[in-house]
Each structure stands twice: as structure tokens, then as C-alpha cells.
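From a predicted model like this one, the values you see are computed outputs, not experimental measurements. Remember, it's 1-based here, ligands and their atoms both numbered in the order they're listed.
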Amino acid sequence: MNKFEALGLNNAIVKAVTELGFENPTPIQEKVIPALLTGTTDLVALAQTGTGKTAAFGLPLISLINFASRDTQAVILCPTRELCMQITRDLQNYTKYIEGSNIVAVYGGASIEGQSREIKRGAQIVVATPGRMNDMIDRRNVNLSKVRYAVLDEADEMLNMGFKEDLDTILSQTPQEKNTWLFSATMPDEVLRISKNYMTSPIEITAGTKNSGNVNIEHVYYVVHARDKYPTLKRIADSNPDIFAIVFCRTKIETQEIADKLIKDGYNADALHGDLSQSQRDHVMKRYRNRSLQMLVATDVAARGIDVQDVTHVINYALPDEIENYTHRSGRTARAGKTGVSIAIINMKEIGKIKIIERLVKTKFSHAKVPNGFEVCEKQLFSLVKKIHDVEVNEQAIESYLPKIYDELKDLSREDIIKRFVSTEFNRFLEYYKNAPDLNVSTNKERPSAEGITKLFINLGEMDKLNSRTMTEYISEVAGVASNTIVSVDVKSSFSFIEAKADVAEVIMGTFKNIQYNGRNVRIESRGSKGGEKRSFGNGNSYGERNYGNRSERGNYSSKGNGYGERRSYGSSSGDRKSYSDRSGRGNYSKSYTDNGNSENSDRGRYSKAASNDSDDRKNNFKREKRPRKTF
Ligand code: AMP
């Protein structure tokens, strides 16, 4: 029997969710659906977004609604327009095979008349933001007297956003004997009060541990000087060529500034915040959803409720003022069983905040090092190699050119061709990053004493599907040392650095003999004790097994840099910004920038941006892909 059918759902619904690719109910769905299907209970559920909570209340709700009637039987209240549209879309999908269903979204910023007309046609379920619903009630455009189910989604957020009075007004228009189902990511006192006021003996359900975040999220922080935040953001983006991220800023102004800088520097980015008109926000979201954008720079409020699949990174460019918002932010990634990374770019003074967040999400952060120029180049190089490997060749189109191409290249060996081919792109990044300074601020507190620490090299890395957490677990398990004796783990593509107290390092080196990982010999070497250790990529000979690259070139990477590189052009941005402030003209970047040095703040536009028109179609996606920066 289908697992959703086993929960008590009817065929029409099971068919619809099966088509959506739902195979197994999520834990919250397993707990909530049978309980709600009784149609007689109130519910308080502590659940993050991404747990499948919309279907958890949506599927039983549509089973209980009488779609033969045109009365409004359910009202779902949620904090933002985005979430409102999302829930409506989801419910419309679930009711695909149910005759006569009409689910209407009611939110601010769009014509109230149109929404009223939709409701008058007979909406059995109305999904609404509280402010607009209140307006509808004032205008007598909606009749809530037949409501049997009220759902409060992201209740904590609705209260945070000051909707308490609106909620009171709306619920007072509904019959006493209805069922109320409340979902909230956190359970502050105000939410508990609501649940007491509006519900009678609700069943209480927790999806995951109380207030804990999603276990599929890896939490990472970088410590840099405030002035280096932006270059750090770029390094993160550059060392994750397939990044699909939401970058959270604190204010609308900062959000716009960072987005403008990223756009100017050649990234597929845009801003989402409350100063944009509704149609501008819709446009940005559309581009993000269809992946024309790789980085969405957003404020908390604007990004609330966004359900976009496969967000790889949530980046806290600025930590949220309300620490609890961290959970909402990080919940944008690792949705529906996927994994994701939540990054905080902080300065020294904010380390304390990280400790507070760790307690909130009940997970440890790892302190990662901002990648240096060498590491960024390595990531880009391997991304390029993978792209070349996986590219779909249009045999027909290329065929007629091949004889001439072979002829042109006939004096080159296979190795030479490969080297030259990747260098056409790689050289640009090399040039850009060759003097890139180290952006990390040392946080001595983390190390018991620099003297007593040994740095180890291990020939395992991300290519072996390891991250800092799993690497720490692996080493501590094999060597039989406690994981907290490993001071730091810095995982690169094909290798990693581990720092451990000298005596622990001895044990690790002693036990890692004749050890294999996925059939490959694992090699660990000491890189010396802390005092004597130098960042000397390429000088050693220990890259042996994956010895790509030209040793002498590697020597070009100096972690010292010239000391200004990344900062030089900070002051110049205000002038540039102006030209992006006209939203309607966005995207028409036809300037061709010139490279003005090694500054990471400087314009990447040396990759000339013969721009696209920002339309959402796939053609433009393709165009963008063709931009030099993107192809690398
Ligand atoms: P939500 O927590 O409601 O925002 O849901 C997060 C995402 O998980 C949405 O994109 C849903 O479509 C998806 N989802 C919900 N339930 C399931 C399921 N049982 N199997 C697979 N995906 C699901």
C-alpha cells in the first residue's frame, strides 16, 4: 500500500502527491496527518520550514473540505506574501484531481478587487497574510462564518512582524467550534499564549528536537575584519562555482549595496527587500527560481517563507539582530532531505554570538578559513575540468569543423592540449588571485597554545565527500582520539589540513598506517609544529598522488599579498552604485570594465559584460553561462 494511503489519505490526493515525487511521508507528516484527519482536534506543532509541514496540514485539510460547497471552510494565515503564494501553489497541486476546488491567495501589494472576485467565485480555502485579510474583512469581501479550520503558519513570525491584533480580529470572525492548527519554528511565550487563547487541549507535536535546526545543515563561520567581509563573500562564491545561495544582510540599504557590488563584479546576483515594488520582487524571485540568479541578497523579512529547492548555501553576511532569525535563515537550505551549508561571516567581536546560536540550534559551528587564492583557483580549475568532462557534445554541429581543428592542433600532444585548453580559462583566475592576501583573522582563543599544535596534511578532501565534521569524525574514530582534541580541520578539494595537539597528532600519525579510504591509501604527514609552519603551497612534495599543476607556478601564491589589494577600491563604489539605482534599467550593463589591478573589490568586469536583458527565459541563462566568469 502506498505510504500516504496508509496514513488515511484518499486516492485523488495520493495520486497528486505521487506525481509531485513524494514517496515517503516526512516525520512530521507521519505524526500529523492521521491526527488531523480525525477532523476533531486542535494542534500545536513545533516545526521548521523544510520539514514538509505544508503538506502535513495541507493534505488532511483538503481531505476534510467539502469541495462541492462554495463556502469558505478554511483560512490559512501566514506572515509573508511569498509564503502565501507558496502555500497556495502547494495546495493547488495537492488538489489537482479534486473537482471544484478553489484555493485563493490573499496578500498585500496586489489588487484587492481581483482577490475579492476570486473569493466571491467560492473559495473553499483562503490563504492569507493577516494585514490583507483584515482589509478584506473590513470591506466585507470575505465571509468567515463557515470556517471549520484555521491554520496559523509560522506563528512566531507573524507575531514578530506585529500581526497579533490582526490575528485576533480575523479569528474573532470565525466560529468558536472550529479546529485551529498552529505551526511555529520556535515557541516563544507569545506563541504559547496564542495557543492557550485559541485552542482547547491541542495535541502537541515536535518535528525534530525542540528549537534545534535541521541536522542536514553544516554550520560554518569565518572570522575576518569588517572591511574584508565583501572580499570574503566573493571568495566563498568563487570557491563554490555551483553556488546557489541566499545572502542575508541586516538592512535594505546594505542588501542593495551588496547586490549592486556583486552585479558589478560579474556575479549573477540581485537584491530582494521591502523597498522594491511588488513586481520588482516578483521579477527577482522568478529569476532566482529559474536559476538565472546564483545569489539572492535579501533581508530577513523579504526572504521569509521562500521555498526554493536546492539552495546550497545560506550566507549570513551580517548576523541577524534577533538571534532566533538565524534558524529561519538557515532553514532556507537543506530542504526536503537535502544537505546545505549555513555560513556566518563575522568579526572577532561576534564570536560570542556564534556561541549563543550554537546553543539555539544545538549544533556546533566549525571555524573555517577563508580560502586563499590558491584554493579558489584549485576549485575553479576542477570545476572547469568537470564541466569539460560532462559537457554534452553536439556531434552533428561540431563534426564538420573537426578535421580543421585536428589539423591546427596536430603538433601538440594530448597533455599539451589539455593543459592549454584549461589554461585559457584558468589563467584569468590565476591572474586575479595571484596576490590575494590572507583574509583570516586569527582567533588565538581556539588554540590551546600555538606552540603545542601540530599541523597535519591528509590526502583526503571534498572529492572524497568529506567535510570538516565528517573528517573530524573519521579521524577521531580511526585514531581513537576524542574529536575535541582535533583543534581544526580545513578541508580542501583533494586534501585537508588538520591541527591537533602535538601528542594527539603523534597518535594520529601512528595509527594512520596502511589505512585505506574507499580503496585508496590514506597518507598523513606532519607539516610541523605551529611556530615553524609556513603557508607554503607547492613547496612541498607531498601532493604526490594528485599532483596536478605546475609546482613553480604554485609558488606564485603568496598569502601575504601587497597589503591593499582587496581594499583599494572600496571608496569608489558609491559613484558606481548610482548607475544601478534605476531598477527598471537593471541588467543593461553594457559597460566594459577594465581590470584595475588585483583588488578583489575592483571590478571583475574585465570579463566584459556585454549584457543581457535580464529576461527570465532559458536563452538568457545560456547567454549568461557564456560569460567568461561563469564559464570558469
Ligand atoms: P515545507 O516544509 O512545507 O516548506 O516543505 C519543504 C519542501 O519539501 C517542499 O518543497 C515540499 O514540496 C517538499 N516535500 C514535502 N513533503 C515531501 C515528501 N513527503 N517527500 C518529498 N518532498 C516533500
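Checked against a 6.0 Å centroid threshold, the rings of Tyr317 and Tyr222 do not count as neighbours. Taking the six-membered ring for Trp and the full ring otherwise, the centers of Phe248 and His328 sit at least 6.0 Å from each other.
Between Gly52 and ligand 1, at least one N/O pair is under 3.5 Å apart. For ligand 1, the polar-atom distance check finds an N/O of Thr51 within less than 3.5 Å of one of the ligand's N/O atoms.
Under a 4.0 Å criterion applied to the non-hydrogen atoms of Phe4, ligand 1 contributes the atoms 19 (N). Proximity to Thr54 (heavy-atom distance under 4.0 Å) selects the following atoms of ligand 1: 1 (P), 3 (O), 4 (O).
In Phe57, neither the side chain nor the backbone holds a heavy atom less than 4.0 Å from any atom of ligand 1. At a 4.0 Å heavy-atom cut-off, ligand 1 touches Asn24 through the backbone alone. In Gln309, the part holding a heavy atom less than 4.0 Å from any atom of ligand 1 is the side chain.
Under 3.5 Å, the side chains of Tyr288 and His283 contain no donor-acceptor pair of N or O atoms. For the 3.5 Å distance criterion, the side chains of Ser366 and Ser468 qualify, holding a donor opposite an acceptor.
Between atom 18 (C) of ligand 1 and the options Tyr94, Phe22, Phe183, the minimum heavy-atom separation is to Phe22.
Within the structure, the salt bridge (Lys or Arg N to Asp or Glu O under 4.0 Å) test picks out the following pairs touching residues 59-75 (sequence neighbours left out): Asp71-Lys146.
In this pair, Phe365 and Tyr221 present their aromatic rings tilted. The plane angle is within the 30 to 60° band.
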